[in-house]
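Just below is one structure, and these are the notes that go with it.
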Amino acid sequence: MFCDIHNHILPAVDDGAQSLDDSLRMIDQALHAGITTLCATPHIRSYQSETITQEKHIAVGEMLRNELAKRDITLDLHVGCEMYYTSEFQDLAKNTVFHYQQRNGFVLVELPPAEAPAWFADICFSLMMNGTKILLAHPERNIALMRNPLVLAKYLRTGICTQVTAGSIVGKYGKEIQEFALRIVRSGAATVIACDAHDTFRRPFSDIAPCYDEIATTLGTIIADRLCSENPRAILEGGQPYQQIFDDEAEQALLKKARKKRFLFF
Ligand SMILES: [Fe+2]
């Protein structure tokens, strides 16, 4: 069964669920889609990034678990966060309260949508040397990475792991993002698939089943299970996800579209 480690189901803490009813509707949809383990990842941004904000998120998660128990709803529910990359990132990422399960391991981070600085890899490398691992949220939706996938290749060679969004794979964000998302997955550069669910209609959990089917059809069920279930579970449990070595061949596969265009142009 699926394990989703990037979503916004906690009520009234960010731009995801706005009420307990919203959260319960999203959870109902997740369960129907075959998701049995969820880690809520509310946004953490520089101006609200104090530890106390994350402590509040953890308390809201506990409240939501109690509400589920009252209704006899079985769901393995956890709380992490999605950290926005700012100048404070390096300091914040060291604090394990922002890691999955609040214990030293992976932290989920998103870049600004049109920025992908090369030095992000250097900062992440220094964090990784001290035990903090990086899961980069939805690289396929980052315009700078799409325009220059060599930067993503640099991130991957540094050891940064990636989370690709189910909705991107099934074409919810347009053909260009879909093509890039599929290229990341096919090149072996994806570590995890997650829904980044914010609601039940625009960015829903129901994307996971067609996404799984797409990956299973093109790459096989072993890879689909790894991306949608085994790897996210490993990250959540503080283990090591399976990650294909990002070698020259993988880089060629990741860059393929850009090179084709270049040859045509010249
Ligand atoms: Fe998100």
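Remember, it's 1-based here, ligands and their atoms both numbered in the order they're listed. The chain is numbered in sequence order, starting from 1.
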Donor-acceptor pairs under 3.5 angstrom involving side-chain atoms of residues 118-130: please list them, not counting sequence neighbours.
unit_1 : atom_1 : unit_2 : atom_2 : d
Trp119 : NE1    : Tyr85  : OH     : 3.4
Ser126 : OG     : Gln90  : NE2    : 3.1
Asn130 : ND2    : Ser126 : O      : 3.1

**Q.** Salt bridge flag under 4.0 Å for residues Glu179 and Lys175
**A.** no

Q. Between Arg141 and Thr165, do the side chains contain an N or O donor and an N or O acceptor separated by less than 3.5 Å?
A. yes

**Q.** Row check, Phe246 ring normal vs Arg157 NZ/CZ: under 6.0 Å, within 45°
**A.** no

Q | Contacts of the Fe ion (ligand 1) with protein N/O/S atoms, counting only those under 2.8 Å | A | His6 NE2, His8 NE2, Glu82 OE1, Asp196 OD1

Q: Might you confirm whether atom CD1 of Ile73 has over 12 heavy atoms from other residues, nucleotides or ligands at distances under 6.0 Å?
A: yes

**Q.** pair Val97-Ile58: side-chain heavy atoms closer than 4.5 Å
**A.** yes

